[in-house]
Amino acid sequence: MAETCWLLKADLEAFRREDSPSKTEVGEKTAAKRFRAIDRTQMVIRPIDVEKLVEPDHKARAIWAMVNQLDMSRLEAEIKAVEGGKGRSAHDPRLLMAIWIYGYSEGINSARELARMCRYEPALQWLTGLEEVNHHTLADFRTANKDAQDEIFREVLGLLSAEGLTDLKRVMQDGTKIKAQASANSFRREDTIREHLKLAQEHIQAMGDANSEDLNQRALKARQRAIREHQQRLEQALRELQELEKQRADSDKAPRVSESDPEARVMKQSNGGFAPSYNVQICTEASNKIILAVETTQAGTDYDELMHGLDAVDANTGQTPEQMVVDGGYIKNANIEEAAERGVDLIGPVAESNPEASLKKRGISPDFYPDKFRYVEETNTLICPAEKTLTFQRSDRRDGRIEHQYRANAADCENCPFRSQCCPKNSPRMVIRKEDSENVKAFRAKMETEQAKQIYRTRAEVAETPNAWIKAKFGLRQFRLRGLLKVGMEAVWACLTYNIMQWRRLIWKPQLVSASAAAGVV
Ligand code: SF4
């Protein structure tokens, strides 16, 4: 049977050769086309000129030039290998940093992927000098030392400043939501988390002793480690719940926290949807769009982030910006007041307060909203739509404004035909007359001027450029790591990469072109 098959196969081949379209007629005869042989059994040794793996203006060279200017002493201090000592030599922190910066610039934020690429990608081969780098080494380095990373971010800023690339006259702050490594389904209430924690503890006890003589100890230890990490996340989830419980004002809803990333928060996205995320706040100077500060927070809105942004710029540069330009998400009276106290010229859209929600909740009809009550300055009283007088009670300073409280006469409201529209729930009627502070009045007047409006119009282009780079070019739409500290470090890596790429474009490349021209190299 096997022989028959071979014969049939041979006949078929002969038939194909005869009728093949790859045959060319040569007179009466036809000749088969000739192709280069593919020999996959051979062994080849090729010389590699490592220096020529990348072009002279390749970004890997710019990255290496930058990291070589940085002081790595804090990172070097952690290295145990010493000249004349035992064991393998450590990788130079400059190299590990350059690999990560290059990886982020290429949209690669996985340690495994970068380690794999070091074997074949020319720029990484050039950076490593054809040495292999283990993915554990890369992963550990990325989150090893937050203080050292912050120091390096500041040092890069110092170098950019020395090159004249930074200017603190005008700084734009903007926030961007980056998704967490947690799904919406991982959010649980306290009861469920406690139940899962109990199960995890029972599971660890039931797994037995990892130091016993049983087979497959490595697998057992790995499983124990995984469950222990899960247990730690659940314990942290309970701590986060306690924090949320303290912040919960009058909401009836019990807070929920993610079991896979307890520090992530569900935040509104730019597309209107909601997703577990972190809020990355970026302060960018306007002259060359250099990032001066990056902070990652759990805040769902930007209202409370302006002062943190100012503090971070101050910490990184030693200076307070002369002017801060922000969108409406940062404008509240308290921020206007504090910016004025710090001597910062705040530019942003004027926010109109909207008390409608609370008035509706109190059952008050629009015809009896506070603006329908007439203020009489001479007597410091209000006159209601029924022409009754509300007398002054007290004044409170709150959120950058003064709130004057007035109250109607109980008997007037009791007998008033409009009572069901004016004060259906709480009688007699109370009305708050709000008066902006001097700083808020000055801010509002400033934002009416064409000059301030013109400055505000430049905000989007400057503030949103780094956000767009980080998300679109570096691909950081979702964090790879978990927890506020680690995702914060990921955000700093991306911003550090952005600043180095700006330096390459604005300083390194033009200098290279000038040097080549001076040397007569085309
Ligand atoms: S309910 Fe009281 S405050 Fe309201 S319109 Fe009547 S008298 Fe005036």
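Order of listing sets the numbers, starting from 1, for every ligand and every atom in it. Quick caveat, the model's predicted, so the values are computed rather than measured.
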Note to self: Less than 4.0 angstrom from a charged side-chain N to a carboxylate O is my criterion; do E259 and R233 meet it?
What the structure shows: no
Checklist line | Atoms of type N/O/S from protein, distance to atom 2 (Fe) of ligand 1 below 2.8 Å | finding: 1
Notebook entry, point to check: Looking at residues at least two apart in the chain, or sitting in another chain, which of them share a salt bridge (Lys or Arg N to Asp or Glu O under 4.0 Å) with E448?
Noted result: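 Once residues adjacent in sequence are excluded, E448 has no partner under the salt bridge (Lys or Arg N to Asp or Glu O under 4.0 Å) criterion.
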Notebook entry, point to check: Is F479 close to V280 at the side-chain level, that is, under 4.5 Å between some pair of heavy atoms?
Noted result: yes
Next item on the list: Using a 4.5 Å cut-off on heavy atoms from C-beta on, say whether the side chain of I290 contacts that of Y498.
Entry: no
Check: Between Q478, R265, Q269, K177, which is the residue that forms a side-chain hydrogen bond (donor to acceptor under 3.5 Å, both in side chains) with S277?
Finding: Q269
Notebook entry, point to check: Taking the six-membered ring for Trp, are W469 and F474 parallel (under 30°), tilted (30 to 60°) or perpendicular (over 60°)?
Noted result: perpendicular
